[in-house]
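What follows is a set of notes on a single structure, which appears directly below.
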Amino acid sequence: IKDNNILLPEWLAYHYTVLPLRRLIVGVDPLSHTDPKPILNAYGSIGMNISVWTNDSYWVDGREAHEKKDFQITNETDHEALRYRYKYRQKVFYKSC
C-alpha cells in the first residue's frame, strides 16, 4: 500500500463481505507518507487476520545495487533503477507470502 488509505476501507469492506476475505498480508511501501494501521486495526477487530509488513519484515538482499536494502534513492537515481527495485521488492514480497 502506498498512500491509498482513502480507498482502503471500501476495498476491505467489499472483500470481507464478498469473498469473504479473512486473511490479508499488507506490504507498506517504504516511500508511503500515510500509515494504514489505524484502518487495518479496525478490520482486525471484526475478525480479519491482518499482518502489516514493512521492508524489514521480508527483505532479502540480492546481488545488484538496487536489490540491497540500504539502496539510497537520490535525485540522480535513474528511473530504470527505481523500476528494477520496485520489481525486485514485489518478487521478494510474493515469495515471502
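Atom set for the values below is all heavy atoms of this structure, side chains included, hydrogens, waters and symmetry mates excluded.
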Using distance only, find each side-chain donor-acceptor pair of residues 90-97 under 3.5 Å and give its atom names and separation, not counting sequence neighbours.
unit_1, atom_1, unit_2, atom_2, d
Q90, NE2, Y94, OH, 3.3
S96, OG, V92, O, 3.0

What's in the same ILVMFWY side-chain cluster as L31, cut-off under 4.5 Å, chained through other members? F71, I73, L82
Heavy atoms only: give me the nearest [X]-[Y] pair and the separation to one decimal.
X	Y	result
H66	R85	O-NH1, 2.8 Å
D29	R89	CA-NH2, 3.5 Å
T34	P36	O-CD, 3.7 Å
D3	S32	OD1-OG, 2.9 Å

When clusters are formed by joining ILVMFWY residues with side-chain heavy atoms under 4.5 Å apart, either directly or through shared neighbours, do Y43 and L19 land in the same one? yes
Sub-4.5 Å side-chain heavy-atom contact between [X] and [Y]:
X	Y	value
L24	N49	no
W53	V26	no
D61	E67	no
P20	H15	no
Y16	I46	yes

Aromatic ring proximity Y88/W59, centre distance under 6.0 Å: yes
Is it the case that more than 12 heavy atoms not belonging to L7 sit under 6.0 Å from its CG atom?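 Yes, enclosed.
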Please determine whether the number of non-hydrogen atoms from other residues, nucleotides or ligands lying under 6.0 Å from atom NZ of K68 exceeds 12.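 Above 12, so yes.
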Just do the side chain to side chain contact (heavy atoms under 4.5 Å, CB included) check on W11 and L21 with the steps written out, would you? CA-CA 11 Å; W11 188 93; L21 180 67; 4.0 Å; yes
Between T77 (side chain only) and T74 (backbone N and O only), is there a donor and an acceptor less than 3.5 Å apart?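 Here the side-chain-to-backbone pair exists.
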Sub-3.5 Å donor-acceptor pair from the side chain of Q72 to the main-chain atoms of D70, do we have one? yes
E80: side chain to side chain contact (heavy atoms under 4.5 Å, CB included) partners, not counting sequence neighbours: D78, R83, Y84
Report the distance from atom NZ of K37 to atom CD1 of I50, rounding to the nearest 0.5 Å.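 These two atoms lie 12.5 Å from each other.
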Option passing side chain to side chain contact (heavy atoms under 4.5 Å, CB included) with L40 (candidates L12, V28, N5): L12
